[in-house]
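The figures that follow rest on heavy atoms only: side chains count, while hydrogens, waters and symmetry mates do not. Worth saying up front: this structure is predicted, and the values here are computed from it rather than measured.
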Amino acid sequence: MRKVLFAVLATLVAVAVIAVGAVGVDYGTSIYAEYRLSSTVRKAADLKSDPFVAILAFPFVPQAMRRHYDQLEIKAGAVEHAEVGKATLEATMYSVDLTYASWLIRADAKLPVGKLESRIIVDSTHLGRYMGISDLMVEAPPSVTNTATGGVTASGISDSHGLVFSGTPKSAGFDRRVSVSVDLSIAPDDQATLVFTPTGIVTGPDSANQTVPADKRDAVLRAFSARLPDQRLPFGVAPKTEGARGSDVIIEGIAYGVTVTLDGFKQS
């Protein structure tokens, strides 16, 4: 009886060791693939540093063998970007076909993608410098409809109307911090231009709670008005949604059934 018990235990231990080893090999292979892809994106897109890359696949090896990744994410922060100086670029790909690439994706490989989400993210510091409001803070609309991600879209982006911009509009000759309701939109004449349209002064809770004299009102509102050109999304995806997440302004586009190459990650 003891011999049978020992044999069973030995078998279970052996199976466990094999399973742990297989998981370790799978995890190590995925980490290597992500490392190589990050380096390849940096070189192909002419970035200053390696971006964050995640291949969301477990187990990884079977997907690599099938030449198909369910989901792939690329995020590059502090990218030198037109007009605002620095921005974050993101791309999330679903159903990535590796038929024309290996599991270690080459820089020039064509990647058919079932769904592609593409984003430019500009933080309030760099946006404030561009607008001439050094202490700018951006907040989602007070009436935003929350989802599990904290916004009105799956990626947590707020509605584009009624964002609250707070800062000191010195260009208007006004040296007190105010809050202004601002709508975001894409310029009808140029899909790469984001338009900021102030609609009114905001007072009360969760604002600077500063009234503006009637003779200063128009000048203060103009200080929060702007056009931000050359905001081309990764892989040339057309913008679909504009809004805020945290204190960042985000432009997002979604495309289906497209084919991309890694050098298209950075467009400007």
For Gln231, the side chain to side chain donor-acceptor pair (under 3.5 Å) test, sequence neighbours excluded, returns none
For Asp206, side chain to side chain donor-acceptor pair (under 3.5 Å) partners two or more places apart: none
Check whether any side-chain heavy atom of Ile251 sits under 4.5 Å from a side-chain heavy atom of Leu194, and report yes or no. yes
Within the 4.5 Å heavy-atom criterion, are Asp70 and His68 side-chain neighbours or not? yes
Spell out, yes or no, whether [X] and [Y] are grouped together once hydrophobic residues are joined by side-chain heavy atoms under 4.5 Å, including indirect joins.
| X | Y | answer |
| --- | --- | --- |
| Leu127 | Leu184 | yes |
| Leu47 | Leu37 | yes |
| Tyr32 | Val96 | yes |
| Val182 | Met137 | no |
| Phe52 | Tyr35 | no |

Without hydrogens or angle criteria, can the side chains of Asn209 and Ser207 be said to hold a donor-acceptor pair below 3.5 Å? no
Name of the residue among Val220, Asp175, Val212, Leu221 meeting side-chain contact (heavy atoms from CB on, under 4.5 Å) with Pro169: Val220
Is it true that Arg36 and Glu34 make a salt bridge, defined as a side-chain N closer than 4.0 Å to a carboxylate O? no
Does a salt bridge link Asp215 with Arg217, judged by any charged N lying under 4.0 Å from a carboxylate O? no
For residues 197-205, which side-chain donor-acceptor pairs fall under 3.5 Å, sequence neighbours excluded?
| residue | atom | partner | partner atom | Å |
| --- | --- | --- | --- | --- |
| Thr199 | OG1 | Ser181 | O | 3.3 |
| Thr199 | OG1 | Ser181 | OG | 3.2 |

Hey, does the side chain of Ser179 reach the backbone of Phe165 with a donor-acceptor pair shorter than 3.5 angstrom? no
Taking all atoms of both residues into account, what is the closest heavy-atom pair of Ala172 and Lys216, and its distance? O-NZ, 3.8 Å
Looking at Ala78 and Lys86, what are the two nearest heavy atoms and their distance? O-CD, 3.6 Å
Cut-off 3.5 Å, no hydrogens considered: what does the side-chain donor-acceptor table look like for residues 253-265, sequence neighbours left out?
| residue | atom | partner | partner atom | Å |
| --- | --- | --- | --- | --- |
| Thr261 | OG1 | Asp263 | OD1 | 2.6 |

Applying side-chain contact (heavy atoms from CB on, under 4.5 Å), run through Glu90 and Ile121 and close with a yes or a no. CA-CA 8 Å; Glu90 293 184 356; Ile121 303 172; 3.4 Å; yes
What do the steps show when you test Tyr94 against Leu116 for side-chain contact (heavy atoms from CB on, under 4.5 Å), and what is the final call? CA-CA 6 Å; Tyr94 300 90; Leu116 172 59; over 6 Å; no
First locate atom NZ of Lys240, then atom CG of Leu233, and finally report the distance between them rounded to the nearest 0.5 Å. 12.5 Å
If you measure from CG on Asp159 to CD1 on Ile157, what distance do you get to the nearest 0.5 Å? 11.5 Å
Review item, side-chain donor-acceptor pairs of residues 101-114, under 3.5 Å, at least two apart:
| residue | atom | partner | partner atom | Å |
| --- | --- | --- | --- | --- |
| Ser102 | OG | Leu104 | N | 3.1 |
| Ser102 | OG | Leu104 | O | 2.6 |
| Arg106 | NH2 | Tyr100 | O | 2.8 |

Evaluation steps, side-chain contact (heavy atoms from CB on, under 4.5 Å), between His81 and Glu83: CA-CA 7 Å; His81 209 64; Glu83 304 297 337; over 6 Å; no
Set out, in order, the CA-CA distance, both residues' side-chain angles and the distance that settles side-chain contact (heavy atoms from CB on, under 4.5 Å) for Gln71 and Met93, then state yes or no. CA-CA 6 Å; Gln71 186 174 340; Met93 307 178 191; over 6 Å; no
Could you walk me through whether Asp189 and Arg227 pass the salt bridge (charged side-chain N to carboxylate O under 4.0 Å, His left out) test, one step at a time? CA-CA 12 Å; Asp189 57 332; Arg227 287 172 62 95; 3.6 Å; yes
Kindly state each residue pair satisfying side-chain hydrogen bond (donor to acceptor under 3.5 Å, both in side chains) with at least one member in residues 120-135, sequence neighbours excluded. Asp123-His126, Ser124-Ser247, Asp135-Thr168, Asp135-Arg177
